[in-house]
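Counting starts at 1 for both ligands and their atoms, following the listed order. Values below: all heavy atoms of this structure, side chains included; hydrogens, waters and symmetry mates excluded. Here the structure is a predicted model, which means the values were calculated and not measured.
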Amino acid sequence: MDDTALLHTYNRFPIVFEKGEGVRLYDDTGKEYLDFFSGIGVNALGYGYPKYTERLSEQITKLLHISNYFYTKPLISAAKRFTKASGMDRVFFTNSGAEAIEGAIKLARKYAHEQKDADCNEIIAFNHSFHGRSTGAVSVTGTKAYRQPYGPLLTDVKFADYNDIDSVRKLVNDRTCAIILETIQGEGGIHTADKEFLSEIRNICSANNIVMILDEVQCGMGRSGRMFAYQGYGIMPDVIAAAKGIGSGVPVGAFACREKFASLRPGDHGSTYGGNPLVTAAVDVCFQIFEEDGILDNVSEVGEYLYQKLDELNYDCIISHRGLGLMQGLEFDCEVKDILSKALDRGLVLISAGSNVIRFLPPLIISYSDVDEMISILKEILDELV
Ligand SMILES: *Cc1c(COP(=O)(O)O)cnc(C)c1O
């Protein structure tokens with residue numbers, strides 16, 4: 001049915017997943033898997049986290065959707081927690097990461113048009129970035145294959161090299177309205193921004209009244225060991241985009257800004273589902289669980305252990321090891337898809353970033369022994385390869 005009824009945009013692995021429990025997944029034959037990809041970094045709390053499931057079940061029985069014409073308590077509570085945790089002043093909830101990026105771009109352009117002039121359109125983005133698949137988001141995504149077939153896209157987007165501040169400086173001019181980047185590049189192969197690079201971007205943006213947008217869709221919500229990755233850099237962006245982990249499984253994203261940049265006013269932006277009571281109940285309870293259950297401490301501690309264990313792997317085919325917290329990557333001198341298939345055979349779910357990087361994005365609740373188990377499976381596979 002996949003071949004005939006679905007638009008063939010994914011080459012799926014031949015597995016039918018049926019349920020999850022903790023950090024384990026089960027397919028339709030009952031086979032158990034250890035999850036080290038959490039649905040591309042979405043299932044931050046793993047599967048069946050009791051407080052989460054209870055809160056969502058309760059919300060389902062009350063109200064799923066009402067639109068943004070009215071208030072709901074989960075929306076307000078989620079907004080309070082989101083702004084408090086991020087240091088932003090205002091938030092708009094979306095249904096995905098791409099939509100969060102769309103909102104951030106619209107907000108930045110409107111801000112620049114009002115503060116400077118209508119010609120101030122240029123956006124500086126980065127090579128090897130990933131910001132989503134909608135037309136605006138692919139316009140700022142630095143991978144040609146994602147952009148090229150859909151032109152003309154948003155005009156006035158220029159690409160600089162990540163962690164190369166001179167390449168950014170060369171592109172800045174009177175018409176620059178925003179600089180957009182991931183604090184840690186995910187799809188591009190797990191590249192963390194250098195401290196100096198990020199603080200120089202902050203300086204450039206402040207000096208020229210350019211909107212600094214950080215895409216925290218993948219690296220946010222605790223994955224780096226901080227609630228948001230920029231909090232480990234001692235800087236504050238002007239606008240952020242989030243999604244993936246913020247609802248731990250329900251489709252929800254958000255863009256948020258500091259008061260000064262809140263250019264969007266009644267009628268300027270909207271979304272039918274955006275921030276509906278089901279998804280904002282999820283966001284609300286996720287932030288609550290992070291606070292009450294010490295999730296960030298677990299990420300830091302187990303993340304460090306994972307770093308050490310991956311560093312200890314001694315194979316010629318491994319070129320480098322990058323990342324932090326529970327967002328790490330191992331770069332190989334060859335394609336990794338065979339390794340991923342072999343891992344699935346042995347009951348371990350992993351994903352790649354590009355063709356030659358294995359990406360480790362486990363649920364944020366994994367334990368030391370889960371890391372040990374993953375490492376021993378990975379070693380078995382790599383031993384077979386050499
Ligand atoms: C996944 C991702 C997006 C897009 O999110 P969707 O929910 O798939 O639209 C945007 N930015 C980054 C950094 C991502 O990892």
Side-chain angles (χ1 to χ4, degrees), residues 7 9-10 12 37-44 86 92-108 123 125-143 145-147 150 153-154 157 159 162-163 178-193 198 212-224 226 228-230 237 239-256 271 273-276 279 282-283 286 322-329 351-354 357 359-362 364:
L7 198 57
T9 59
Y10 283 98
R12 290 171 217 276
F37 101 125
S38 57
I40 326 184
V42 169
N43 302 319
S86 63
F92 182 102
F93 289 104
T94 65
N95 312 294
S96 67
E99 282 170 90
I101 296 295
E102 296 291 334
I105 292 172
K106 284 176 70 177
L107 179 142
I123 298 171
F126 288 85
N127 292 317
H128 307 296
S129 63
F130 182 83
H131 299 292
R133 303 299 199 126
S134 59
T135 311
V138 293
S139 299
V140 292
T141 288
T143 306
Y146 292 160
R147 278 204 320 272
Y150 313 108
L153 298 172
L154 285 186
V157 179
F159 291 92
Y162 200 70
N163 281 334
I179 299 180
I180 181 169
L181 70 158
E182 294 155 86
T183 320
I184 304 171
Q185 285 192 336
E187 307 293 318
I190 314 290
H191 294 278
T192 49
L198 212 58
M212 178 176 179
I213 305 172
L214 285 182
D215 181 341
E216 291 258 340
V217 170
Q218 194 163 143
C219 61
M221 203 61 190
R223 197 154 281 284
S224 71
R226 304 289 186 126
F228 291 93
Y230 57 83
V239 177
I240 64 169
K244 293 202 166 90
I246 69 167
S248 197
V250 298
V252 60
F255 66 98
S271 168
Y273 293 125
N276 85 14
V279 302
V283 173
C286 281
R322 300 187 287 262
L324 80 161
L326 293 174
M327 180 171 184
Q328 299 186 31
I351 42 166
S352 60
V357 176
R359 187 164 31 153
F360 301 86
L361 292 179
L364 306 183

Is atom 8 (O) of ligand 1 in close reach of the protein, with a heavy atom under 4.0 Å away? no
Considering all heavy atoms, the nearest [X]-[Y] contact:
X: Q185; Y: Y162; answer: NE2-CD1, 3.5 Å
X: V157; Y: A125; answer: CG1-CB, 4.2 Å
X: H131; Y: I180; answer: CE1-CG1, 3.9 Å
X: L198; Y: A193; answer: CD1-CB, 4.2 Å
X: A242; Y: F228; answer: CB-CE2, 4.3 Å

Geometry only, no angles: is [X] polar-contacting ligand 1 at N/O separations under 3.5 Å?
X: E182; value: no
X: A98; value: yes
X: G97; value: yes
X: E99; value: no
X: G132; value: no

Any idea which protein heavy atom is nearest atom 2 (C) of ligand 1, and the distance to it? K244 NZ, 2.6 Å
Looking only at protein heavy atoms, which one is nearest to atom 11 (N) of ligand 1, and how far off is it? D215 OD2, 2.7 Å
Result for side chain to side chain donor-acceptor pair (under 3.5 Å) between T183 and one of R226, E216, Q218 points to E216
Y146 ring centre to R133 NZ or CZ under 6.0 Å, with the angle to the axis within 45°? yes
Examine distances only and state if a side-chain atom of S129 and a backbone atom of F126 form a donor-acceptor pair shorter than 3.5 Å. yes
Pull out every atom of ligand 1 sitting under 4.0 Å from any heavy atom of Q218, numbered as shown with elements. 15 (O)
Please identify which atoms of ligand 1 are closer than 4.0 Å to at least one heavy atom of S96. 7 (O), 9 (O)
For ligand 1, is I101 a contact, meaning one of its heavy atoms is under 4.0 Å away? no
